[in-house]
Amino acid sequence: MENQSMEEASLRAKELREAIAEHNYRYHTLDDPLISDHEFDRLMRELIELEKRFPGLRSDDSPTGRVGGAPRPGFTTLEHRLPMLGLDNAFDIQELRDFDSRVRRLAGLDAVDYICELKIDGLAVSLQYEEGRFIRGATRGDGFTGEEITHNLRTIRQVPLRLAEPVTLEVRGEVYISRADFEALNRERLEQEQPIFANPRNAAAGSLRQLDPRITASRPLRLFLYGLGEHNLPVTTHSDMLAYLEQLHLPVSPHRMLCRTIKEAGDFCRTWEERRSELPYEIDGVVIKVDDLLLRERLGNTARSPRWSIAFKYPPEEKSTRVRDILINVGRTGALTPVAVLEPVLISGSTVQRASLHNEDILAEKGVRIGDMVVIRKAGEIIPEIVRVLEEKRSGAEKIFEMPKHCPSCGSPVIRPPGEAARRCFNPSCPAQIVERIAHFASRRAMNIEGLGPARAALLWREGLVKNLADLYFLEEAQLEPLEGLGKKSARELVSEIKKSKSNPLHRLLFGFGIRFVGERAAQLLAGHFFKMEKLRGAGFAELTAVPEIGPEIAGALLRFFEAPQTSEMLERLNAAGVNFSEPAAKGTAGEERMLEGKSFVFSGSLERYTRNKAAELIIRRGGRVLSSVSGKLDYLVVGDKPGGKLNRARELGVTVIDEATFIELLGESG
Ligand code: IVH
């Protein structure tokens, strides 16, 4: 490897880029990975190393650029060669019928085919490919000029940097964030005391319009494509076009339907209106488009929108209700959070009766008063959000809520430190904080102790059984049995759940401690870097901030945590109880030796023992590669039943041809 020539290195880099692109596609677009994350990382590391050793190999379309380059001073604008138009809306089935009549009248046709697609709520973008290479991308902007965001789009794993065919085209689509990723992002931001995003759309827009592409790279952005700008693809209908994009490994939504009548299109709209909560992302309607591309040209555009398309809009998943009261919750870090108590309403399939107002500033910004009618929505899966106050419904009897000056749990004075959004109770033995800490420690994402929620945590504290986290591991069944609502069975289960949690990996424990700024992601990064509690504990400021994504705030909070005398005592007792203090190293390959390192394979015809996918997986696990076409450099052509033209080509080029039995032997799977 060390003496690799430039030429060898260049070939290998090409192979690696192709393999990485393929695995990226399988993972991020098909959701069907062939190799483990660990193996993927190894391919990536090899490419990074190669590009370091041979700087001449670096290129814009290398997947190593996905981590995001240096920040830019500002955005430049990009003129769209064809304007990016908006859509007219239809709010009911009658408006759809009107649209259809108009289309058929203008076209002079009795029947027109429509293609229906989901309308994902995100941010419209345009991507340009030149001879198969991703060269440029932009936001929609005002439809005529957008902001050039090539570097940010490059960080989205679903964007192929090189297409399978050297086509030149402009594709258009929507960048979005799934509900679950949106929630996780907001959770992390609350943890880091950064302002949260109001909805997935804002989160996607805010993440994409970043001057620092590294920030974009760290956000879980997704993409789906639904249209073309300038192109010369050999397609005559929208449905063929989507199939073609799919073939180029560009991400296209599978939820689409070709309809023969507007009634069928209306049914598609209604079906997805009912099923929208099943989708992992938010949609705000369905887009209906004339399928025939020539007919579209004949229909043309108005100033704002095409005559051949219409958006069927769903009402937002929002409801109005009354704020009965505003309470204060004292969190595990002592932060006081205002919570609105609502008159219960059913929204997106569940009853909502509370909404977090997050902090004093957000409360003030929304201007919510006790007794107000408010509009609420479920932002992600769980956190309900107050969108706005219906001021026109005020009677004058609403009460302005004042943040308390004393902790509602322990009565200590609360302080809002300069530069922070929250008022805090600084009493370390504040009961509310201790109970919240216990509940957080036991929560699903932390130590995952089933049966230990906030109510139980409060009970254990009240009974004097648990004063700090380590006490949990010294609880005995006999102590728990007599407690209210427990009994023999629950006591036994709780003790066993607590015992089970001892073997959790370090990152869960670390997250479970509830250290300020140390969210789930930071905990994972830290545990994955230091592996042992002792190593982490011994790390200084410089060592901590050297870990990617760990900033001075997190480092400072960790140092303060480990310096505190209570921490040493707690760690000693956890250790004595047998709680695991280490992180397992990333998994290696599944036992097989890398016996096929560097060898390449192509299949022709069908195998008996394995599917193609399985066979490919077995090769890759052993360090080999699977290619799709025969070239002179190929190591093996594996022929099964009814091989095709590849066999002749391999013979011509003198490639080694093997049958299935020999292949199985080569894998070491025979016998
Ligand atoms: S087609 C000329 N298809 O909705 C046709 N748009 O309200 C332009 N959108 O700006 C758009 N999903 O950001 C189209 N399947 C889809 C879409 C979609 C979401 C967005 C897009 C557009 C906006 C129009």
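Counting starts at 1 for both ligands and their atoms, in listed order. Basis for what follows: all heavy atoms, side chains included, without hydrogens, waters or symmetry-related copies.
Residue L123 has no nitrogen or oxygen atom sitting less than 3.5 Å from a nitrogen or oxygen atom of ligand 1, judged on distance alone. Annotation: E174 places an N or O atom under 3.5 Å from an N or O atom of ligand 1; distance criterion only.
Of all atoms in ligand 1, listed by their number and element, those nearer than 4.0 Å to a heavy atom of E117 are 3 (N), 15 (N), 16 (C).
Counting heavy atoms under 4.0 Å from ligand 1, residue V287 touches it through the side chain alone. Proximity of N89 to ligand 1, defined as any heavy-atom pair under 4.0 Å, is not found for any part of the residue. If you look at M84 next to ligand 1, there are no close heavy atoms at all, none under 4.0 Å.
Side-chain contact annotation: T216 with Q210, donor-acceptor N/O pair under 3.5 Å absent. A donor and an acceptor atom, one from each side chain of Q94 and R97, are located under 3.5 Å apart. For the residue pair E39/H23, the side-chain donor-acceptor check at 3.5 Å is not satisfied.
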Criterion side chain to side chain donor-acceptor pair (under 3.5 Å) on Y314 and E282, from CA distance to verdict: CA-CA 11 Å; Y314 295 148; E282 288 198 357; over 6 Å; no
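Scanning all protein heavy atoms for the shortest distance to atom 11 (C) of ligand 1 gives Y226 CE1, 3.8 Å.
In this structure, D284 falls outside the shell of residues with a heavy atom less than 4.0 angstrom from ligand 1. Residue contact annotation: S309 has no non-hydrogen atom under 4.0 Å from ligand 1.
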